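Heads up, the thing below is written out as structure tokens.
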There are 4 protein chains.
Amino acid sequence: MAVTTRRKSFGSDNHAAAHPEVVQAIAAANIGDARPYGADEWTDAAAAQLRDAFGAAGAFFVFNGTAANVLGVSLLLRPFDAVICAETSHLNVDECGATERILGNKLLTLATPDGKLTPDLIKSRLTGRGDEHRAQARVVEIAQVTELGTCYSLTELRDIAHLCKAEGLYLYIDGARLSNAAAYLGCELADLAACADVLSFGGTKNGAVAAEAVIVMREELLADVPFHRKQQMQLGSKMRFVSAQFSALLEDKLWLRSAQHANAMAARLAAGITGLPGISIRYEVQSNAVFAALSQERVDALRREWTFYPWEQSESVVRWMTAFDTTADDVDAFITAIRASGEN
Amino acid sequence: MAVTTRRKSFGSDNHAAAHPEVVQAIAAANIGDARPYGADEWTDAAAAQLRDAFGAAGAFFVFNGTAANVLGVSLLLRPFDAVICAETSHLNVDECGATERILGNKLLTLATPDGKLTPDLIKSRLTGRGDEHRAQARVVEIAQVTELGTCYSLTELRDIAHLCKAEGLYLYIDGARLSNAAAYLGCELADLAACADVLSFGGTKNGAVAAEAVIVMREELLADVPFHRKQQMQLGSKMRFVSAQFSALLEDKLWLRSAQHANAMAARLAAGITGLPGISIRYEVQSNAVFAALSQERVDALRREWTFYPWEQSESVVRWMTAFDTTADDVDAFITAIRASGEN
Amino acid sequence: MAVTTRRKSFGSDNHAAAHPEVVQAIAAANIGDARPYGADEWTDAAAAQLRDAFGAAGAFFVFNGTAANVLGVSLLLRPFDAVICAETSHLNVDECGATERILGNKLLTLATPDGKLTPDLIKSRLTGRGDEHRAQARVVEIAQVTELGTCYSLTELRDIAHLCKAEGLYLYIDGARLSNAAAYLGCELADLAACADVLSFGGTKNGAVAAEAVIVMREELLADVPFHRKQQMQLGSKMRFVSAQFSALLEDKLWLRSAQHANAMAARLAAGITGLPGISIRYEVQSNAVFAALSQERVDALRREWTFYPWEQSESVVRWMTAFDTTADDVDAFITAIRASGEN
Amino acid sequence: MAVTTRRKSFGSDNHAAAHPEVVQAIAAANIGDARPYGADEWTDAAAAQLRDAFGAAGAFFVFNGTAANVLGVSLLLRPFDAVICAETSHLNVDECGATERILGNKLLTLATPDGKLTPDLIKSRLTGRGDEHRAQARVVEIAQVTELGTCYSLTELRDIAHLCKAEGLYLYIDGARLSNAAAYLGCELADLAACADVLSFGGTKNGAVAAEAVIVMREELLADVPFHRKQQMQLGSKMRFVSAQFSALLEDKLWLRSAQHANAMAARLAAGITGLPGISIRYEVQSNAVFAALSQERVDALRREWTFYPWEQSESVVRWMTAFDTTADDVDAFITAIRASGEN
């Protein structure tokens, strides 16, 4: 079967294939019998590696990012609790209302300039606590990297974590692109995790076939996780094939190398278009995404040859994403095309 | 990493590894970019193959069998509807209450001698229809193969389908082991599907890594499926890697050859223990499972060396399952051990 | 507007009007302003009276019996927990699947000869505990009086409570007709409540307009009740009018006198038909209901003049209920009619 | 028991008692037996009166406003649908997340200057339709009167209804204070209802004890309502006592006279404080509420003697509500106190 698109897609990091080492790990795990449902040696090993890397109490595998988020916050919520999150968050926008449907919990959304919550924004949502008429704010959900490609600094994260502790809130981090954040910040995964009660660690957007982990930082939450995961339809029977993907990503920090590369490609793209007439970069480029505003005519022209998506139609902002397998040549060819789109 | 168990497991068909051709198909799909979320060529191809094989309106991929069941029945239920099913059904027993939690619908269970519903049993649950105090029977759920390894004959299936039509009920078939049923009955997948409104087609227990399909037989149900699937957290971004598994299973009917082999191994096991003193086979062997009653001492002795599970502790019934990769030598060695367990 | 039926209904205790003292209490509460949502003096007083009568930590008012049951068990359940209950229970049969829909929890039903669970029956449902594939038994739900008009003795209740404690289960009692049970057993409400973790106390079937209470026996459950109740749409704004009904029922034990009377009328009815040819009483008469088997022809003849309902169509069993306002004359006239129905 | 507050409360219209005619209607319905669950003559009569008044297909009674809203929108929603509503709506703010919990549906909220949605605001939420990643906008929910005491004009309502039809959306109107809107606009209830697919009609805030109606305008929705209502725990057994309240409210348009009076009292209050130094009225007074901004010191002083609530603490805005039983003397005494609070 032929490759789907000739030119490298800048549509999303999930347009990319899987990293060859990940697929090799799947093949290598394909030997003989194994105990099912995660009672196998591959899962033991990968979970131990993740607990080490994150300083975590436990690590649990699921199939996709939506499930990681829903399972993650479900560990922290009573039926009448609400989740404070950014209006632009994946949880709010891109999961077809899964939190409301699967968990029944309310989202309390906040408009942000850059996808990032702040202690002050969070405080503005802490009204009506103790009032039976109001869903009770209980979890703060942030994404690191955010949907707008921005990263919280460690200081910003710690300030939010500090507020959460002071206010009796839990902090959940959607880490679908946590690797890119760690690469950008130059920090350890454990530095990020130390701020959270529960977080996710995404594999799929960083070279896995389909592998996400829910990282649990609090011992007392562990016992219920298997039941929540099974009930939420995320318990794989041949789990070794998910676990093996994580072991591949953790081997010699493949996750970090891949994320660093993807970030570097986004930075190269941003550098290449900075100063071009008629184009402005919308948010600071702190991961593997570049959000740019340019005329609808240029967007239309570029999309005839290249794959990427509009972000805000009303303002003709587009999102360009790089992946572990985006090459410098891919980026340069795209820059040339962008440049050319402005020349008639 | 070493093989987990030295002796072939008779614990479940999901102890087995994946079929090498399935893993090769994953590797072969790992080339370049693809549109995500099932808008790729692999998914187009596999879905078309499944529509052909089943005479179906549509085919949709999910990650595991619990999800296939929940998504499948969700297409057919209003909030106040109930599902009639066997007390022993996977939906009722083995999914941690997912139907109740994820969908909010009630199960109306029926005791059966052999895991199979009958028109008369179903009729016994059709009380209180039109009465606002009662959850309304709307879907009949059966498994083909059942949890007890038995198969409905085509006549039995058609009788149930006939009752459902007459009573305004929908029929959902849990086909986690549909391949084994088709192999046993010597019929086409389309013959089975023709009785159902929605059914699942399991790949995982028949050699896939993690791949299940929801097969939709009614055109008018199609439009809502993508939303239900996404909301139920079963939409994979790199779906080509699931689709490719199905294409491998469908290639030269690998699904059928694997199921025929697994069934033959169960038949060989059953034949080998028939007539042995102190052992009785509990249900007709019509797929890849043998349920046997033998003394707790022999069970304990055998489980020291072999992997399998008790089924009904109270009566010391055990379940022995074969898989696509169970060999005649595996079976013969196990028969020898079973025989020996009775000799002291 | 004319009275709906000329002859006293034996259909249900909710066919009856309200006790005049209850309606007077509503009228008496209709003076000036009051704080809403239960922060009023009437609610303070009634809740205090109920806490005293039950030896309870708290008492919370809701609008109907289904809501009392759903709110009651919701205080005790995690998302993946299940409720063990009788197949004939109101929770299972008569609430249109509210537990599954509103709470998302599974019911584990048990067939019983007389509507009553026993420790042995409950134990038979305690399989799969700790297994993530199974919904986890957590609450035992019994009704006192049961749907079949039978009562648990205090010894039977205590045996169940003892098992629950030993097994880490909670006990919830559906007390829609708890008054009739206390009247039958000659015990205090507190004797019944001492066995439970949470229970309901029904007013509506015993002379109220619409008033049910959820009685909470464990201090640590109290804090969340207001949120559950509000979210479950059971918080009345002018709650004084519900609370006043309970105060009327508690005044000079009107609840007890009414229940004693209703029970006595059922006993009179049972005595009057005992020994009649062609009629047999199905369950022991231990409250205000008589379940009788008689020929379908007699049932049909009686229903042309009298109001009552079939219970099990297949066996031509009917239910005859008395209420606080059923008179001896009503019963005697009905006995005469029953007798006459057998005479041609 | 003494009256709870000496001075008339301006806290909410639900601080008021019930109208004497409503309580008399309850007493008058307290005669003999009636068929339960709404199969009685009182319910037939009240539902017919409401169908006439609204030009409706059906009218169904529930216990409170939260339940009316949840039942109302539930008739219009598929599992993956969302409700567009004002950020300030009762549905969003004051129901403890009931829509999310009980129905599982997402709310798409909109900031408004005055509590009112507009076609343009609604259009801004119509992104992602047909995209499986997004909850699908399906219902527009507006309140008439809004939570800010404002009313939609008939033209504004019709414009929204027009947009809904054009866009394939349903319109639900929260009519907890619909009487006050009809009184303000001088229109028929049917004029308001003609814009909606489903709406509620509140009794409790306008003199009832506890009575709300869900008014269904589309014939094809009727069949499922009884099941939804029962499952949502809103089916009263002695429903005549709710229905009788509505008949009392409809008798000689008591609902309209009461609402006109309450509105007039709010207008009198607004007139009495207009032009006072240090006080500004925040929203147009179009019903029975006055929102006023005044210094926190004055608020604190007034609240020592009078009952009312802060609305927005941050800006020291308060809400003053009148009821059917607020007298001109009550208002004048309150105006005097407000005036005096500014004089030191």
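It should be emphasised that the depicted structure is a prediction, and the values quoted were computed from it without experimental measurement. In the text below, chain A, chain B and the rest are named by the order of the sequence lines, each starting its count at 1.
Of all the listed residues (C:G11, C:P20, C:A16), the one sharing the greatest number of non-hydrogen pairs under 4.5 Å with chain D is C:A16. Contact tally against chain D (heavy-atom pairs below 4.5 Å) for C:A210, C:G97, C:A323, C:G236: the top residue is C:G97. For chain D, the option among C:H15, C:H19, C:Q234 with the highest count of heavy-atom pairs below 4.5 Å is C:H15.
Of all heavy-atom pairs spanning D:S237 and C:T204, the tightest one is OG-CG2, 3.5 Å. The minimum heavy-atom distance linking D:I102 with C:Q232 is given by the pair CD1-CA, 4.3 Å.
With hydrogens and angles disregarded, a donor-acceptor distance shorter than 3.5 Å links the side chain of D:K238 to the backbone of C:A208. Of the possible polar contacts, one joining the C:N64 side chain to the D:L235 backbone as a donor-acceptor pair under 3.5 Å is found. Listed for the C:D33 side chain is a donor-acceptor partner under 3.5 Å among the backbone atoms of D:S9. Distance alone, capped at 3.5 Å, places no donor-acceptor pair between the C:Q231 side chain and the D:A98 backbone. A side-chain donor-acceptor contact under 3.5 Å links C:N30 to the backbone of D:A18.
With 3.5 Å as the limit, one finds a donor-acceptor pair spanning the side chains of D:T66 and C:K230.
Within the 4.5 angstrom heavy-atom criterion, atoms from both the backbone and the side chain of C:N14 approach chain D. Heavy atoms of C:V23 lying under 4.5 Å from chain D belong exclusively to its side chain. Only the backbone of C:D94 comes within less than 4.5 Å of a heavy atom in chain D; its side chain stays farther off.
A distance of 7.5 Å separates CZ in C:R35 from OG1 in D:T307, rounded to the nearest 0.5 Å.
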